[in-house]
Structure formats: C-alpha cells, structure tokens
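Each remark here refers to the structure printed beneath this line.
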Amino acid sequence: MIATIRKRLPLADFVRNGVARRLVLGLGIQGLTFVVQMLLQFLSVPICLSAWGAVVYSDWLVLMAAGGLLTIADFGMHGHLSNSLRMAWARGEHDAGQRILQAGLGAYVLSLSVLLAVLAGGMALLDLPSLLGVERLEHAQAVLVLLGLSTLLLLPRELTLSVYAARGQFSRQVADFLVLASAQQGTVIGGALAGGNPVQVAMGYCAVSLLVGWGGSLWSLRRRHPDAAFTPCHPTVAELRQLAVKSPFYAIQQGGGVLLVQLPIILLGRLSSPEAVVAFSTMRTLTGLIRQIANQFATVAGLEMAQLYARSGAGNTAQLYRIVAPVTGAIAGAMGGVTLAIGPWFLGLWTQGAVVFDMALAVAFVAAAVLMAPAYCSFALLRLIGRPQPLAVAVLAQAASMILLALILVPGQDALGAAIAVGLAEAMVAAPITIRAAAKSLTYPILPVMVRTYAATLAVGGACLAAATGIRALTIG
C-alpha cells in the first residue's frame, strides 16, 4: 500500500529525497550570483570611465571581450567530460568517474600546450590589438596576453568543479563561480579606484584569477571531497578518440549560442538603422531576464534529472520532468507578466528616457520566451544526460531559419522584424526539435506535459501581469 501511494505521489517522494531542497537552493544561489554580478557591473562602468576615460575604457572592453572569446577553445570538452563524470558517479562507478576526471585534465594539458604555442606564435607575428581597433591603450599587447591567459588557464577548472554537481552539490559549484567572478570584477574596480593603469589592473586580474580560481577552488574541493584526485594523467588513444567524437556537438552549442546572440545585431546594423539596433539590444536585454531565470531553474532541475536518469533510467526521470516543466513555465510566465507591467517604467529609469519602451517589441520577445517554456527543461535534460546531437541540430536549424527570416522581415519591420525572426526560429524550429528529442529519451508522452506547462505559464503570467499592473497603478496614483 505504501509503495502504491508513493507511486501516486511522486512529488512527495521527491521532496522527501531532498530534490526540492536542492532545486530551491540551486535557484537561490544562481539568483544571488546574478544580482551580485549586476551590481558589480553597474559599479565598474562609472569607476573605470572616471579613472581611464571613455576611449581607454572602450579599448579595455574590446580586449576583455577578445580574451573572453577564448572560452571557445574548450571545444566542447567540458560538456562531454562533466556529463560523463556525473553519470559514472551517479551509477556508483567511482573508479570510472575518477579516471574520467584525471584523463580529462590530462587532455586539457595537451590541448592547452598546443593552444598556448599557437597563440604565442600568433602574438609574435601579428599586432592583434591593432587588428581589433585598439589604438589608445598603452601596452595593449601585454594586456591582451594577461587577459587571454586568465581565460585559457582556467578552462580545466570547470571540469574539477563538476565534482560538486556530481555529488549533488551544484549550489557549491555556483558559489565557487560567484567567488571568482566577484574577485575578478573587484580587482578591476579596486585597481581603477587606486589609480592603476590597464596594464597593472590586467596583471592583478590575471593573478587573482589564478590564485582564487585554482588555489581557492582546489583547497575547497580537497577539503570537502578528499577521496577525489585532481592530478592529470595521460589519456589513452581510445579516450582521446571518444573526446574528439563527442565534444564537437557541445562545441556547436557553445559557439552557436554566441552566434545567435550576435547575428541579429549584425544583420540589423547592415539592413536597418542605428536606432533599431539600440532598440532591439535594449529590449532584448530587458526581456532576457525571463529566459535567464527560467534557464537557471531548468539547469538545477536538469542536474537532478540527469542523476535520476543515470541511477534508475527513464521512468523516475520522466516523473520528475512532469513536475519541474510546469514549474519552469510558471517562472517564465511570472517574469513575462511582470516585465510587461513594469517594463515602461523600468526602461525609462534605466536609460534615463533615452530609449522608448516599444510594447510591440516587448510582446514579441516575451511571447517567444513564454512559448519556449516546455523546452527549457528539455534542453537542460539532453545537455546533461549526454545527448548533444539533437541540441546541435536545433542550434544549427535555429541559426539558419533566423537568418532567412531576418533577411525577409528586417527591411520592412526593423527591430520588430528582427525580434519576430528570433522568436519564430527559437519557438517554432529549435523548441520542437528539443522537446521531441527529450520525449524520445524519456519514452514519455510529451503532449500532457506541454499542456500542463503552458497552463501554468498562462495562469501565473496572467496573475502576475494583473497584480504588477495594479500595484504600479496604485503607486503612481
């Protein structure tokens, strides 16, 4: 009888097993990370502008972006290795997981050795800062080298931090990221306030990145998980071959994400006006909070589903999916309703009236984010159980359809046309591919889950829209 009740009440079972607590804790620490990063970014802009001036600060931002782009040098290795590690330990295969961790770190050593040699040669032969349009910042080559090393040398760190998620401690992994990001941004702010020039700040940034990123992280990991070894070992030919086969699919997701963010801006710049570029970029940033918060919850839920999938297969995973997908929809709906209600007021405050709130543009972005509600958990599930192929197909199909639609819609509709192109490509092309692949992996009928998810999205979204509109009206009155 008790077993029958538990089967009929999967939610209670998941709460009793600590899943609900981990979901709330993971979402909370990600929310805190987002708030802290936003505050630090908000502080850094006026401080650096005051210390260095607009031209030098602009050059600094270009070099920071160039250094950050080196994250693509991971080539999808982290996605494959971290998933394999989590799955092995979830199945109780500690030795296999340990081998994945150490051989993966060895593969990073080999990859970084080649990359550093190639980049050193490139820096010796080419004046990369000039190619990037950096002219006023002194010793720009040295700044670029320091910022690039800060990115490259931390690439294997993400694999070591996967130990937390593999042990059901994803919140600690996010907290470690928060500590490093805060230390890095704090170094920039502190260096600028102390009168340091960009070279000195870059030196401090690199030193802090390595000391906190590696020293602090390894100390914490070894203290909490003394049974895990972090010494790299030489990967076998078979391990390297498997890495070469699997990693490109994760690399497509990573590179595709960058492409999908930048392409609409580039197309608008070529096909429309500067005003359309500003309107699109500003409104996308404002409404992007919907996706960001929904994806944060979906990632935490995806880790729990991946653990279940590795331990007990598709059955229990499907039950958890049935629970968390509507919750994700409710989050997206709530954020969408609040955004539409307070968006005009917030945008006016944020841009000091420089950008006018375009309701049609806002509705297009919010509608796309809401229509994606069932896909957030599907994407996280596939990514974390090691099914990158359908995600790579979805990203490529989304990019191709977005470009085609933008070429058709932007000349006549400007920013609104770009928003519609992005939304249609995302919701009508990428989402169906992702949802169908997740349903196939779980061998679970997806239609009932989609209905429940959209019902939760509309109900919570409508309630939040009405409540936020009413509160705003009373406040103004």
Side-chain angles (χ1 to χ4, degrees), residues 7-11 13-14 19 23 79-80 83-84 86-87 90-91 246 249-250 252-253 256-257 260 290-291 294-333 367-401 423-460:
K7 287 180 181 179
R8 291 179 180 176
L9 296 174
L11 178 58
D13 198 29
F14 291 131
V19 175
L23 289 174
H80 169 63
N83 282 343
S84 300
R86 281 193 297 267
M87 299 290 276
R91 292 190 296 264
K246 291 281 189 178
F249 293 104
Y250 292 98
I252 290 174
Q253 297 171 48
L260 290 169
I290 304 170
R291 282 184 184 80
N295 273 319
Q296 285 177 352
F297 177 80
T299 298
V300 180
L303 287 167
E304 294 294 337
M305 289 189 286
Q307 295 275 4
L308 273 176
Y309 191 87
R311 288 197 301 264
S312 54
N316 287 336
T317 309
Q319 291 296 324
L320 180 56
Y321 181 86
R322 185 175 66 85
I323 294 169
V324 296
V327 176
T328 309
I331 292 171
V370 167
L371 286 171
M372 282 291 292
Y376 295 128
C377 284
S378 299
F379 187 93
L381 171 70
L382 293 170
R383 178 168 58 87
L384 295 169
I385 65 171
R387 299 284 191 276
Q389 295 88 339
L391 297 180
V393 172
V395 167
L396 293 175
Q398 180 182 349
S401 58
L424 288 176
E426 187 177 39
M428 301 303 173
V429 178
I433 295 173
T434 304
I435 293 170
R436 184 176 180 277
K440 186 177 180 181
S441 295
L442 295 178
T443 62
Y444 190 79
I446 198 64
L447 185 59
V449 178
M450 292 182 65
V451 171
R452 287 161 55 90
T453 301
Y454 282 130
T457 303
L458 293 174
V460 176

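Any value given below was found using the heavy atoms of this structure, including those in side chains, with hydrogens, waters and symmetry copies removed.
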> Nearest heavy-atom pair of A431 and A427: which atoms, and what distance?
Replying inline: CB-O, 3.4 Å
> Within a strict 4.5 Å, meaning less than it, do heavy atoms of the L391 and T434 side chains meet?
Replying inline: yes
> Listed by chain and number, what are the side-chain contact (heavy atoms from CB on, under 4.5 Å) partners of A425, not counting sequence neighbours?
Replying inline: Q398, S401, M402
> Are Q389 and K246 close enough that some pair of their side-chain heavy atoms sits under 4.5 Å apart?
Replying inline: yes
> Under the side-chain contact (heavy atoms from CB on, under 4.5 Å) test, which residues partner A310, sequence neighbours left out?
Replying inline: M87, A90, R91
>> Rounded at 0.5 Å granularity, tell me how far CG in L308 sits from CG in L442.
In response: 10.5 Å
> How would you list all residue pairs meeting salt bridge (charged side-chain N to carboxylate O under 4.0 Å, His left out) that involve residues 424-441, not counting sequence neighbours?
Replying inline: R291-E426
>> Test: side chain to side chain donor-acceptor pair (under 3.5 Å). Region: residues 446-458. Which pairs qualify, not counting sequence neighbours?
In response: none
>> Please evaluate residues V324 and F297 with respect to the criterion side chain to side chain contact (heavy atoms under 4.5 Å, CB included), reporting the C-alpha separation (whole Å), side-chain torsions for both, the decisive distance (0.1 Å), and the verdict.
In response: CA-CA 9 Å; V324 296; F297 177 80; 4.1 Å; yes
> With a 4.5 Å limit on heavy-atom distance, are the side chains of L384 and N83 in contact?
Replying inline: yes
> Side-chain contact, heavy-atom cut-off 4.5 Å: T317 with L381?
Replying inline: yes
> Taking only residues two or more places apart in sequence, or in another chain, which ones meet A392 in a side-chain contact (heavy atoms from CB on, under 4.5 Å)?
Replying inline: F249, I252
> With sequence neighbours left out, which residue pairs that include part of residues 367-388 fulfil the side chain to side chain donor-acceptor pair (under 3.5 Å) condition?
Replying inline: Y309-R387, Y321-S378
